[in-house]
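Input: a single structure, listed below in structure tokens.
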Number of protein chains: 2
Amino acid sequence: MFMKADKKEVKMTEKTGKKVGVGITAEKDELSEWFTQLLQKAELIEYTNVSGCYILRPRAYSIWEKVQKYFDDKIKKDGVKNAYFPLLIPKSNLVKEQKHVEGFTPEVAWVTRAGDTELAEPLAIRPTSETIMYPAYSKWIRSWRDLPLRINQWANMIRWEFKNPVPFIRSREFLWQEGHSAFATKEEADAEAKRIWGFYADVYREMYAIPVLKGKKTDKEKFAGADYTLTVEAYLPSGKSAQAATSHCLGQNFSKAFDIKFKDKDEKDKLVWQNSWGISTRSIGIAIMMHSDDKGLVLSPNVADVQVAIVPIFKDDKEKKVVMEAAEEVKSSIKNFRVELDGRDYSPGWKFNDHEMKGVPLRIEIGPRDVKEKQVVLVRRDNGKKENVKAKDIKEKVSAALEDIHNSLYNKADKLLKENLAKAERMADLLKLLEAKKLVLVPLCDNPACEDELKSQTGGAKTICIPEEQPSLGGKKCIICGRPAKYWVYVGKSY
Amino acid sequence: MFMKADKKEVKMTEKTGKKVGVGITAEKDELSEWFTQLLQKAELIEYTNVSGCYILRPRAYSIWEKVQKYFDDKIKKDGVKNAYFPLLIPKSNLVKEQKHVEGFTPEVAWVTRAGDTELAEPLAIRPTSETIMYPAYSKWIRSWRDLPLRINQWANMIRWEFKNPVPFIRSREFLWQEGHSAFATKEEADAEAKRIWGFYADVYREMYAIPVLKGKKTDKEKFAGADYTLTVEAYLPSGKSAQAATSHCLGQNFSKAFDIKFKDKDEKDKLVWQNSWGISTRSIGIAIMMHSDDKGLVLSPNVADVQVAIVPIFKDDKEKKVVMEAAEEVKSSIKNFRVELDGRDYSPGWKFNDHEMKGVPLRIEIGPRDVKEKQVVLVRRDNGKKENVKAKDIKEKVSAALEDIHNSLYNKADKLLKENLAKAERMADLLKLLEAKKLVLVPLCDNPACEDELKSQTGGAKTICIPEEQPSLGGKKCIICGRPAKYWVYVGKSY
């Protein structure tokens, strides 16, 4: 029913004769068509009459709940506390940090009226919360004893982008967590930003079964108001990258703008060093795009709400009684997993398709003959493999299969990533590699004009990240201007 | 430092010579002063420059997290699924159900601009989500097989009330859960509304240690668009009631407006029966007002983030070493509770006050002599009682004390409630009882004009709820118009 995005693109190209890659927009439409169908048929997303705002249906929201729990436990153990800050930010707050306001103002949704009353000052719906949180930080922080202050919130954000909205990936409203920390020293801030960066890679590896590239954003691509931005990036089967989560060192930019000072042990007044960091419901979209196939959704077991669906097979009421009893027994034998016994009034074949569409990692089929032979049939969603399993081995086999599904998905994504990493030092090579949808490491200087030029010469590719592990630069020249390069940076198409 | 609201009001009355109760507003200001101080000194709330929008600091938010967990587990076990619906609702959705739009329009915050672009249609920030959820319900529900549909979301709401805002109790932004169900029959809807009503009473009893009155709202006070509203109400030491959570039977009002039909087993198209139900962060305010005292916050152990604070007492480094070692041992012996070992660089006395202000239910003091005698001192926040406890008994004693604190708080609140219930059949008696801050059961007819008249004659008292357990009406007359009464209803001042 579905085609994988990359397959479809190839087909499309054959049909239209258009060159895939540089400057071609068909792929985006194609992806969007495939993705749109999948999201609706797997009951993940419902569209509304507000463009760019989507309903996260229970099957999607439950993924988010699992990621929340995992990450929330991690940061609480690390000493972070949760809080909640107001949705609405007065315009006068928003404009306090110059770079920040420039970065966000174009996409702010403004509340200008309440009931019939025009508001004296327009209120922004938070696109991110620095400017509503930091005036409070300025009140709360007085002394070195008040530091570090590390607060996180789980909340909804609005960024009214005028680009083509895509559910999860670029929606006008999204859910995320945003951590906001203040430290006495730059060293502590740097260390936290790095640690959280690692947590984000953990989320993708452990929960979504996705390997990420860890790197730093270029100055041009960093968060508006940050000193630097650490990012994790995912490479998707469509050949595009997606920024997957970011951890920003804000330096003292906001503490200057919001006057966040503390009296240090040496009795001197000092500005705090700040970080902010976030991961959003975009991550769900990344996971869906990464693993899903032509039968629908494929989910890693750790985020799947139902990990095992038991489908009973019977012809008449007599068989039904026997099979349902055995199925209940199977269910209770694996109750430490998330199991659904599908007793709905539909045919087994219909149910197989339904669970495949909805991404249930494992299916257990059980019919009268299986009951007689004290066995079940175990079917994997990721590769379709079937296995007869003896009743006494079910728990162990299910556990092993779920673990293996996680690892297989991860390894497949890792292979995809590694096969698509490339390197170029000349524009002609870069263009050829981009056309083949590679993620290309190039030497670049740090002049923002070179990044603009890069984008224009490649028909929209941009710098993805300066990877943590840098090959030697050894006198390499910037691929654009030919002056000495400052770093190796990945270049590719991205969402 | 603090006075209990009711005490202060009495004082105020003595000083000003004003009559307490009917028509007197000093009590509100007084409560607000006491409450405001408490919320800030206990680090629960921070004010912002948006009137009526408050920061829920970690100590307040952690209460909400515990209530969320408790209620979320309960409704999931009952078959409800979580989802997330958009924040913004087009004006055209909002106006579809006539009573509903009349009820909410005056307090809607409107988004009219995004970036520099005026929106074609204003978007309401949800005051409640019926009108963004039910168009989707209309798409999802086709057949009796799709029912019941029971979805909940945890989300932020905005109701731009122009009354004096009070943190938690009447804030313009609040957090809540809203459950929205659709059923094939009225009976199922009635049964769910009742069950959820019971869950809300459970939340107050089990988590907040508060008894509630269960009743039905009068037609005048019910939810805008509902057939009827079930409510739980708390009676506070200030002498006012607070609506604590509500469960609404919407009947077919919204299914008509949003065309939510299903094909039943008999092949006929029918409208679904709907409920909606919610509990909000107002509940935190109710709990704070109920239990707190002149030393600051008092919290029931089940919602306290820190249940036990261990305060080490020492004079020098030598003592410190011995005491801290023993304190660590104590901590690990009670690690199944939420324990904080307070190693901060402040005096023990300062810490005692701090933990009392912040409502930590139990304090353990441990000094050099305690170490020698293999004991600690256990101090209860609710009644200040101290007890020497042998090291080997700590776990058991802490467990028993936390349970007893919960029960004591509940019983005290229950005594307060019972002592303040009264009954009146004549206006003169009602006025006298309201003046004494009683919650008064009166016979009333169901004419809304009588409720208006009641409010006006009593200087602002209103109907709180028609209690579940109704005394016999036996020919009683409406306290306002003298025609036959329809029910006994509680009347009092309320937030």
Side-chain angles (χ1 to χ4, degrees), chain A residues 43 46-50 53-62 64-65 72 81-90 92-93 105-117 119 122-123 125 132-133 135-136 139-140 145 151 153 155-156 158 160 162 172-173 175 281 305 344-346, chain B residues 43 46-50 53-62 64-65 72 81-90 92-93 105-117 119 122-123 125 132-133 135-136 139-140 145 151 153 155-156 158 160 162 172-173 175 281 305 344-346:
Chain A
E43 297 182 355
E46 183 65 74
Y47 286 75
T48 68
N49 54 347
V50 187
C53 296
Y54 310 97
I55 297 166
L56 301 187
R57 300 185 67 174
R59 285 172 186 281
Y61 192 77
S62 69
W64 187 236
E65 287 183 306
D72 201 66
K81 305 236 175 206
N82 284 340
Y84 185 76
F85 291 76
L87 173 74
L88 301 176
I89 307 179
S92 52
N93 287 34
T105 303
E107 51 193 47
V108 165
W110 292 102
V111 175
T112 63
R113 207 166 70 227
D116 291 328
T117 309
L119 299 181
L123 298 171
I125 299 183
I132 188 78
M133 293 173 82
K139 284 190 216 174
W140 297 337
R145 293 170 199 244
I151 293 181
Q153 76 172 354
N156 55 338
I158 298 254
W160 210 262
F162 290 92
R172 284 173 169 174
E173 182 181 9
L175 305 180
T281 40
D305 201 33
R344 291 177 297 172
D345 189 16
Y346 292 110
Chain B
E43 296 181 358
E46 183 64 75
Y47 286 74
T48 69
N49 53 345
V50 186
C53 296
Y54 309 97
I55 297 166
L56 301 188
R57 300 185 67 175
R59 287 174 184 278
Y61 193 77
S62 69
W64 187 235
E65 287 183 307
D72 201 65
K81 304 233 177 210
N82 285 340
Y84 185 76
F85 291 76
L87 173 74
L88 301 176
I89 307 178
S92 52
N93 288 33
T105 304
E107 52 193 48
V108 164
W110 293 102
V111 175
T112 62
R113 208 167 69 226
D116 290 327
T117 309
L119 300 182
L123 299 170
I125 299 183
I132 188 78
M133 293 173 82
K139 286 191 214 173
W140 297 338
R145 294 171 200 244
I151 293 182
Q153 77 172 351
N156 54 339
I158 298 254
W160 209 263
F162 290 92
R172 284 173 169 174
E173 181 181 11
L175 305 180
T281 40
D305 202 33
R344 290 178 297 173
D345 190 14
Y346 292 110

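Residue numbers start from 1 in every chain, and the chains themselves are labelled A, B, ... in the order their sequence lines are given, proteins ahead of strands. Predicted model, so just to flag it, every value in this text is computed and none were measured.
Only the side chain of Ile151(B) comes within contact range of chain A, with at least one heavy atom under 4.5 Å from a heavy atom of that chain. Contact of Trp110(B) with chain A is made through backbone and side chain together, with heavy-atom distances under 4.5 Å. Using a 4.5 Å cut-off between heavy atoms, Pro106(B) touches chain A through its backbone atoms (N, CA, C, O) alone. Residue Trp140(A) touches chain B through its side chain alone, counting heavy-atom pairs closer than 4.5 Å. Heavy atoms closer than 4.5 Å to chain A are found in the side chain of Arg145(B), but not in its backbone. When heavy atoms are compared at a cutoff of 4.5 Å, Asp345(B) approaches chain A by way of both its backbone and its side chain. Of the two parts of Thr105(B), only the backbone, made up of N, CA, C and O, holds a non-hydrogen atom closer than 4.5 Å to a non-hydrogen atom of chain A. Only the side chain of Thr117(A) comes within contact range of chain B, with heavy atoms under 4.5 Å apart. Contacts of Glu43(B) with chain A are absent, with no heavy-atom separation under 4.5 Å from either backbone or side chain.
Separating the CG atom in Leu175(A) from the CG atom in Leu56(A) is a distance of 5.5 Å, to the nearest 0.5 Å. Taken to the nearest 0.5 Å, the CG atom of Asp305(A) stands 5.5 Å off from the NZ atom of Lys81(B). From Glu65(B), atom CD reaches atom CG of Asp72(A) across 6.0 Å, with rounding to the nearest 0.5 Å.
The most heavy-atom pairs under 4.5 Å with chain B, out of Ala155(A), Ala114(A), Ser62(A), come from Ala114(A). With chain A as the partner, the residue from Thr112(B), Val108(B), Asn156(B) showing the most heavy-atom pairs under 4.5 Å is Asn156(B). With chain B as partner, the option from Ile89(A), Thr281(A), Leu123(A) having the largest number of non-hydrogen pairs under 4.5 angstrom is Leu123(A). Highest contact tally toward chain B, considering only Thr48(A), Leu119(A), Asn93(A), is held by Asn93(A) [criterion: heavy-atom pairs under 4.5 Å]. Taking Tyr54(B), Tyr84(B), Trp64(B), Trp160(B) one by one and counting their heavy-atom pairs under 4.5 Å with chain A, the maximum is reached by Tyr84(B).
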**Request:** Begin with the C-alpha distance, continue with both residues' side-chain angles, and end with the deciding distance and a verdict on side chain to side chain contact (heavy atoms under 4.5 Å, CB included) for Ile125(B) and Ile125(A).
**Result:** CA-CA 10 Å; Ile125(B) 299 183; Ile125(A) 299 183; 4.0 Å; yes

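Closest approach of Cys53(A) to Arg172(A), counting heavy atoms only: SG-CB, 4.3 Å. The two atoms that bring Ile55(A) and Pro86(B) nearest to each other are CG1-CD, 3.7 Å, heavy atoms only. What you find for Glu173(A) and Leu87(B) is that their closest heavy atoms are OE1-N, 2.8 Å.
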